[in-house]
Amino acid sequence: MNFKQYILVCGGTGCESSKSDEIYRNLLSAAESKDVKSDVQILKTGCFGLCEKGPIVKVLPDESFYVHVKPEDATEIIEEHVIKGREVKRLLYDTSDSKANKAMENLDFYQKQFRIVLRNCGVINPEDIDEYIARDGYAALSKVLSEMTPDDVIAELKISGLRGRGGAGFPTWLKWNLTKEVESDQKYVVCNADEGDPGAYMDRSTLEGDPHSLIEAMAIAAYTIGADYGYIYIRAEYPLAINRLKIAMEQARGYGLLGKDILGSGFNFDLEIRLGAGAFVCGEETALIASLEGERGMPRPRPPFPSVKGVFGKPTVINNVETWANVPVILHKGGKWFASIGTEDSKGTKVFALTGKINNSGLVEVPMGTTLREIVYDIGGGIKDGKKFKAVQTGGPSGGVITADYIDTPIDYASLQKLGSIMGSGGMIIMDEDDCMVDVAKFYLDFTVDESCGKCAPCRVGGKTMLHLLEGITKGKGTMDDIEKMKKIALGMSKASLCGLGQTAPNPVLSTLRYFEDEYLAHIQEKRCPAGKCKDLTVYEIISDKCIGCGLCARRCPVSCISGEKRQPHVIDQEKCIKCGECYSVCKFEAVSKK
Amino acid sequence: MGKLTLEELKKLRESKQKEMSLRDTSDKNVHIIIGMGTCGIAAGAKDAYSAFVDELAAHNLGNVTVKQTGCMGLCHAEPTVEVIMPEMPRIIYGNVNAQVARDIVRKHVLGKILVNDHVFDRPAIDIVEGGGN
Ligand SMILES: Cc1cc2nc3c(=O)[nH]c(=O)nc-3n(C[C@H](O)[C@H](O)[C@H](O)COP(=O)(O)O)c2cc1C
Ligand code: SF4
Ligand code: SF4
Ligand code: SF4
């Protein structure tokens, strides 16, 4: 048996799944009644994203992509597409509004994702250098070594418009050029694979899926700036990435792509892995350098910048994993090609780790300028359990929240900054109506206070004081003065802290204050947590009119603080209640209220 | 192979590309590719891997290769598996536990029927032209 066609019906939870069920059944019966059951297999699939255009049906091998399909369209799809071999034109997805199409004009596709950094992830075997080579791997290095001067490389990078993906967005060509221009007997290239943001794992996945792209990029940089040695600084908690890197380096050495006289060009370059202990501050470049040198991982004042005085006091280029992974493609396909993707001030793509209350959590790579709405709904498949989108947190502990009002903001460095957040390294945490914004701010501040190295007072003392105030607010002990105090401390920290950690630590607080001041006020003035998240402010009560006295909650309560006669309304002993919420979730009669 | 020259690297690339595109006619013409990033492994990719190997051996299928790759990005549907074989569209399966892995061998590879409820869509098009599989 062999089918000629396959019809895939989106069965995701994002779109109207009841409809897609009906479509699926109608397709099956249409295929049956038209007697083409053995020609076409009809299947339900996982979510395609693009839920606002759902329900979606895709036909293979033609790759026809039908949107807004209705159950009554089933017969037409079978009659036209399967029997007569003609696409149902009116149902086809109109690709003209897709951003990424700009770069791929002649290609008709519906995907919002565009993979440069992740081009090989999920495609090649990361432990086989030949597969990387077959997909144009080391072609950029060949070209650079045989045809380009260091100045040519810098010029190409400048045309590309590539900016650092580690957080600050510094132009990569400029960083390389600064380092290249410094005279020195020894220079270094460094890869920052510390990836400390909670919720972020883009760099880990890139290294695990495509380690050679990093090696190739670092060799190109070394040639460009005049270095012959490099370090990959990676956290020890990433054993799989480390192992794959080791294998990749070994294979590259075997082919002479690392070592002496690479590709017969006379250029020498080799690499070493240095393990970090996983302190967030060690991702900061000067602390990373200190840690690399065997010192305690504490930031140092800048200037001097690493481009002048880096590892062991020598000029050093330090870039983020994702920044590196773009480099071979830029040199292989040209800076102009790269610059055609994205927006005026932000070129290329950005990888995000989409987590939180989202249906399709995962790693996404989109052209810069893609809107948050496209990421949340078209790729992410919308909010879990049909809840309401509240905000997205970007930039980790240095970033902020973006609210529903700004969901159509194009993602680029400048727009995010204008909204009080930052691009950051790519963590993107989706929050819904059940998330409390004061609690979110507290979570991040708690993280930075914990991770502060303690070298300077504004961060060490300021952070602690602010956290204390926030904790008071979530416990219902806050006053209106506290908000003003926090703002003042924030200003001090951002101005006087030595490194980015302390300078940006107040951002989540400032950002949530800016967009969700009402929530802070509810905590302070009404002693109420609107999202019902802050335990000390939450009260569970049994509504006696609704309670039928089934006793389920009493049996489940971990501290046995619910009592009542059989078939009589029960009551909660508020003194003993630990606010675990179990009674609220088990009651089948909605008789437990949460306030 | 030892140290490469520019010319040899180019030749190696061409021959590997050819090898990969000629897959259909070589004796190993079915490819099962399992996402083995941290997320895939955490979700049970290793179980799926051994189930594939067992089931293939049980059916004496010598024309199938099982190999690993990195994360495809579909973390909500890990473990993910791609199946490439003649006369069938390239298919990505998600939530592949040991049972689904066996189903894939029996239904997809042997029966040429796709396994319902586990097909997922490729998240993005490929920017590398002609390279690889
Ligand atoms: C507290 C702190 C943590 C940082 N953590 C990281 C990190 O984990 N990974 C990273 O690439 N950059 C991190 N950075 C940014 C680096 O200092 C540096 O800007 C970056 O590695 C430069 O690379 P790029 O130009 O390619 O972005 C961090 C900065 C600060 C202030
Ligand atoms: S700002 Fe914080 S992390 Fe940075 S040097 Fe000062 S104390 Fe250390
Ligand atoms: S589970 Fe609900 S209905 Fe049953 S006793 Fe508790 S509150 Fe009353
Ligand atoms: S919230 Fe938890 S501790 Fe409190 S009454 Fe309900 S089940 Fe018992």
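Each chain gets a letter, A, B and so on, in the order the sequences are listed, and its residues count up from 1. We use all heavy atoms of the structure for the numbers below, so side chains are in, but hydrogens, waters and symmetry mates are not.
Using a 4.0 Å cut-off between charged side-chain N and carboxylate O, E55(B) and R106(B) make a salt bridge. A salt bridge between K16(B) and E131(A) is absent, with no side-chain N of the basic residue lying under 4.0 Å from a carboxylate O of the acidic one.
The part of Y6(A) that comes within reach of chain B is its side chain, from C-beta onward, which places non-hydrogen atoms under 4.5 angstrom from that chain. In this structure, chain B has no heavy atom under 4.5 Å from any part of Y238(A). I116(A) touches chain B through backbone and side chain together, each having a heavy atom under 4.5 Å away. For A353(A), no part lies under 4.5 angstrom from a heavy atom of chain B. With a threshold of 4.5 angstrom between heavy atoms, T38(B) approaches chain A through its backbone and through its side chain. Only the side chain of Y24(A) comes within contact range of chain B, with heavy atoms under 4.5 Å apart. Heavy atoms closer than 4.5 Å to chain B are found in the side chain of V329(A), but not in its backbone. Within the 4.5 angstrom heavy-atom criterion, no atom of L118(A) approaches chain B. When heavy atoms are compared at a cutoff of 4.5 Å, I41(B) approaches chain A solely by way of its side chain, counted from C-beta outward.
Looking at D21(A) and K44(A), their side chains come closer than 4.5 Å, going by heavy atoms from C-beta outward. Contact of the E374(A) side chain with the V366(A) side chain is not registered, since no non-hydrogen atoms from C-beta on lie closer than 4.5 Å. Taking 4.5 Å as the limit, every side-chain heavy atom of N95(B) sits out of range of all side-chain heavy atoms of V100(B).
Contact tally against chain A (heavy-atom pairs below 4.5 Å) for L6(B), T5(B), I34(B), I92(B): the top residue is L6(B). Annotation: maximal heavy-atom pairing with chain B below 4.5 Å, among S146(A), S361(A), S142(A), P126(A), occurs at S361(A). Per-residue counts of heavy-atom pairs under 4.5 Å with chain B were compared for G259(A), G362(A), P239(A), G264(A); the largest is that of G362(A). Ranked by heavy-atom pairs shorter than 4.5 Å toward chain B, the options A139(A), P61(A), S205(A) are led by A139(A). Comparing S15(B), G70(B), C39(B) by heavy-atom pairs within less than 4.5 Å of chain A, the highest count is held by G70(B). Of the listed residues V115(B), L114(B), L74(B), I91(B), the one with more heavy-atom pairs under 4.5 angstrom with chain A than any other is L114(B).
Ring pair W337(A)/F114(A) is tilted by interplanar angle, where 30° to 60° counts as tilted.
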side-chain contact (heavy atoms from CB on, under 4.5 Å) between L141(A) and L9(B), worked out: CA-CA 11 Å; L141(A) 181 64; L9(B) 175 62; over 6 Å; no
Test salt bridge (charged side-chain N to carboxylate O under 4.0 Å, His left out) applied to E87(B) and K112(B), step by step: CA-CA 9 Å; E87(B) 299 167 48; K112(B) 302 211 166 147; 3.5 Å; yes
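Judged as a salt bridge (Lys or Arg N to Asp or Glu O under 4.0 Å), and not counting sequence neighbours, the contacts of R253(A) are E250(A), D270(A).
More than 12 heavy atoms of other residues, nucleotides or ligands sit less than 6.0 Å from atom NZ of K143(A).
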